[in-house]
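Heavy-atom basis, side chains included; hydrogens, waters and symmetry copies ignored. Order of appearance sets the numbers: ligands from 1, and atoms from 1 within every ligand.
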Amino acid sequence: MPELYTTLLTELARFDLAYVHLEATTDEETLVGLRKSWGGTLIVNPVVPMGPDRTDRPAADRWLGLGADLISFGRSFISNPDLVERLRADLPIVEDDPSRWYQGGDAGYLDYSTYRHTA
Ligand SMILES: Cc1cc2nc3c(=O)[nH]c(=O)nc-3n(C[C@H](O)[C@H](O)[C@H](O)COP(=O)(O)O)c2cc1C
């Protein structure tokens with residue numbers, strides 16, 4: 001299967017794409033190999049999709065070191081509307097609640113709060 005994706009990425013280079021986004025659905029060695037097959041902007045989501053680990057700062061930093069240009073954050077963005085500011089300032093990250101993932105009703109969209117600084 002790595003050969004298929006290597007070929008796909010090589011062919012995609014003919015188009016003027018803004019980026020390719022990879023999810024960590026295979027082992028790291030394979031993903032690093034795919035990085036080498038794609039010379040354009042690469043966004044990586046560094047954890048197993050819907051697995052127990054959330055994309056966090058260490059995982060993001062690791063993948064930036066392995067060659068990703070950008071990192072996507074999924075669940076932590078749902079539960080931290082100010083995620084970028086939290087990462088910049090090294091503030092705590094609130095864990096998301098899977099029972100409120102966009103499944104009808106309005107809970108989970110606008111009710112996670114930004115970080116509250118205390119004096
Ligand atoms: C509510 C929700 C919807 C998602 N929908 C998709 C989807 O449509 N396609 C997809 O490839 N991944 C989807 N994902 C998986 C994410 O892209 C990502 O792989 C996963 O959430 C792990 O990354 P994270 O720890 O940053 O959330 C979804 C995740 C969540 C939480």
- [ ] Would you check the N or O atoms of Tyr102, main chain and side chain alike, for any that come under 3.5 Å of an N or O of ligand 1?
- [x] no

Open item on the list: Under a 4.0 angstrom heavy-atom cut-off, which atoms of ligand 1 come close to Arg54?
Closed with: 25 (O)

TODO: Please round to the nearest 0.5 Å and tell me the distance separating atom CZ of Arg100 and atom CD1 of Ile78.
DONE: 10.5 Å

TODO: Tell me which part of Thr55 gets within contact of ligand 1: side chain, backbone, both or neither, using heavy atoms under 4.0 Å.
DONE: both

TODO: Please confirm whether Arg54 makes a cation-pi placement over Phe73, using NZ or CZ under 6.0 Å from the six-membered ring centre and within 45° of the ring normal.
DONE: no

TODO: Using a strict cut-off of 4.0 Å, indicate which atoms of ligand 1 neighbour a heavy atom of Val47.
DONE: 22 (C), 23 (O), 25 (O)

TODO: Would you mind running through ligand 1 and noting each atom that sits below 4.0 Å from a heavy atom of Asn45?
DONE: 19 (O), 22 (C), 23 (O), 24 (P), 26 (O)

- [ ] Using heavy-atom distances, let me know which of Phe73, Trp101, Phe77 sits nearest atom 1 (C) of ligand 1.
- [x] Trp101

Task: Check ion pair Arg57-Asp90 (N to O, under 4.0 angstrom) - done: no

Task: Sole candidate of Asp111, Ile93, Asp96 that passes side-chain contact (heavy atoms from CB on, under 4.5 Å) when paired with Ser79 - done: Asp96

- [ ] Could you tell me whether atom 3 (C) of ligand 1 has a protein heavy atom closer than 4.0 Å?
- [x] no

- [ ] Decide if atom CG of Leu4 counts as having more than 12 heavy atoms of other residues, nucleotides or ligands within a radius under 6.0 Å.
- [x] yes

TODO: Indicate the atoms forming the closest heavy-atom contact of Ser72 with Pro46, along with that distance.
DONE: O-CD, 4.2 Å

Open item on the list: Counting non-hydrogen protein atoms only, what is the nearest one to atom 15 (C) of ligand 1? Give residue, atom name and distance.
Closed with: Met50 SD, 3.8 Å

Open item on the list: Taking 4.0 Å as the limit for heavy-atom contacts, which would you say applies to Arg75 with ligand 1: side chain only, backbone only, both, or neither?
Closed with: both

Open item on the list: Around atom OH of Tyr5, are there more than 12 heavy atoms from other residues, nucleotides or ligands closer than 6.0 Å?
Closed with: no

- [ ] Specify whether the nearest protein heavy atom to atom 7 (C) of ligand 1 is under 4.0 angstrom away.
- [x] no

Task: Ion pair Asp69/Arg35, N-O distance below 4.0 Å - done: yes

Task: Heavy-atom protein contact below 4.0 Å for atom 24 (P) of ligand 1 - done: yes

Open item on the list: Protein non-hydrogen atoms only, distance under 4.0 Å: does atom 31 (C) of ligand 1 have such a neighbour?
Closed with: yes

- [ ] Answer yes or no: does atom CD of Gln103 have more than 12 heavy-atom neighbours from other residues, nucleotides or ligands under 6.0 Å?
- [x] yes

Task: For atom 10 (C) of ligand 1, the protein heavy atom that lies nearest, with its residue and separation - done: Glu23 OE2, 3.3 Å

